[in-house]
Amino acid sequence: MDSVEDKIVLITGASSGIGAACAKLFAQGKAKLILNARREETLKKLAAELEEDYGTQCYLLPFDVRDRATIERTMTSLPPAWSNIDILINNAGLSRGLDPLQDGKIQDWEEMIDTNIKGLLYMTRYITPGMVERGKGHVINIGSIAGHETYPKGNVYCATKAAVRAISEGLKKDLLGTPVRVSCIDPGLVETEFSLVRFRGEAEKAAKTYQGLTPLTPEDIADVIYFCATRPPHVNISEMLVIPTDQSGATMVHRRNE
Ligand code: NDP
Ligand code: 8X3
């Protein structure tokens, strides 16, 4: 097992769910963390907690991954102590709505495409050249079971996650011959703020997604991501589909109260 001690790990979408769980696990492994999300106060709180609990050094990037100009400015002027990023975890993402395509809200489509695809691309574009130059690095993208299987009314969200899969595959091929690794981790149902965001704060509707089944926890996925990041340098976990035992497909779940 390789160590993440003193490695610089950048996590997008670290203010909640899978990203926050990754921050905690990599902090326990003594990594140095660059934490991104839009909610600056939440990031500050998390960083203070990690510093208190594990002595973790954190650097905060409270920006929107859709904001290309800010990303370019920030990523090209990181303080030298933080500029040699070893691991990029492209986790920031969201779904908006669950509507038939013919009735879909164009603003929702744009938000998902701009965040899940373009945001991931921007981060990758500004960070991977340094990895290639330094001769080490690992890009870990968070896809979804939705990228393997399009479910009814999932249309554009599923398309964005299929794109994450295709981009991961493309990046892996383009980096062949360099030591930089690319992994795509594709979770099934994980109980986070994901459904609350999808249904714009409708808690009851969001809770129904997980009702009667045992979903994955963000920590389950953080474990898998940490596993990928700690393989010896010649081992690349290229892709992993990780689902709850109560799920066998994007729309096939076993609910105990039905
Ligand atoms: P959460 O809603 O709990 O977390 C999403 C994170 O992304 C938050 O930290 C949010 O922070 C951040 N984020 C969203 N939009 C932006 C943006 N424009 N710029 C920067 N950060 C942003 O959901 P999850 O933890 O579940 O989601 C993490 C990833 O996992 C997503 O890519 C999601 O698609 C994927 N996924 C989730 C599954 C699930 O069932 N939960 C299953 C499969 C994949 P903030 O709001 O502060 O910006
Ligand atoms: C999140 C999982 O099935 O709700 O990507 O789309 S699902």
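Both counts, for ligands and for their atoms, begin at 1 and track the order of listing.
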Next on the checklist: Membership question, hydrophobic clusters at under 4.5 Å side-chain separation (ILVMFWY): are L88 and V180 in the same one?
Outcome noted: yes

Checklist entry - Do the two ring centres, one from Y151 and one from Y157, sit under 6.0 Å apart? => result no

Next on the checklist: Counting neighbours of NZ on K153 that are heavy atoms of other residues, nucleotides or ligands and sit closer than 6.0 Å, is the number greater than 12?
Outcome noted: no

[X] versus ligand 1: do any nitrogen or oxygen atoms come within less than 3.5 Å of each other?
{"X": "L94", "value": "no"}
{"X": "G19", "value": "no"}
{"X": "P187", "value": "no"}

Checklist entry - With distance as the sole criterion, is a donor-acceptor pair present between the side chains of S238 and K172 under 3.5 Å? => result yes

Next on the checklist: Could you check whether D2 and T230, counting side-chain N and O atoms only, form a donor-acceptor pair closer than 3.5 Å?
Outcome noted: no

Return the option from [options] holding the heavy atom at the smallest distance from [atom].
{"atom": "atom 22 (C) of ligand 1", "options": "A222, P215, S144, A92", "result": "A92"}
{"atom": "atom 26 (O) of ligand 1", "options": "V190, T192, I18, T115", "result": "T192"}
{"atom": "atom 10 (C) of ligand 1", "options": "S95, A21, S15", "result": "S15"}
{"atom": "atom 1 (P) of ligand 1", "options": "G13, S16, A14", "result": "S16"}
{"atom": "atom 32 (O) of ligand 1", "options": "I142, N91, L46", "result": "N91"}

Checklist entry - What protein heavy atom sits nearest atom 19 (N) of ligand 1, and how far away is it? => result V65 N, 3.0 Å

Next on the checklist: Cation-pi check for F194 against R198: NZ or CZ below 6.0 Å from the six-membered ring centre and within 45 degrees of the axis, yes or no?
Outcome noted: no

Item to check | Distance-minimising heavy-atom pair for A229 and V4 | outcome: O-CG1, 4.3 Å

Identify the protein atoms, limited to N or O, that lie within less than 3.5 Å of an N or O atom of ligand 2, and list each pair with its distance to 0.1 Å.
{"unit_1": "ligand 2", "atom_1": "5 (O)", "unit_2": "S144", "atom_2": "OG", "d": "2.6"}
{"unit_1": "ligand 2", "atom_1": "5 (O)", "unit_2": "Y157", "atom_2": "OH", "d": "2.5"}
{"unit_1": "ligand 2", "atom_1": "6 (O)", "unit_2": "Y151", "atom_2": "OH", "d": "2.6"}

Item to check | ligand 1 versus K161: contacting region, heavy-atom distance under 4.0 Å | outcome: side chain

Next on the checklist: If we ignore hydrogens and angles and just use 3.5 Å, is the side chain of T115 paired with the main-chain N or O of M112 as donor and acceptor?
Outcome noted: no

Item to check | Contacts of type ring-ring contact (aromatic ring centres under 6.0 Å, His included), residue F63, not counting sequence neighbours | outcome: none

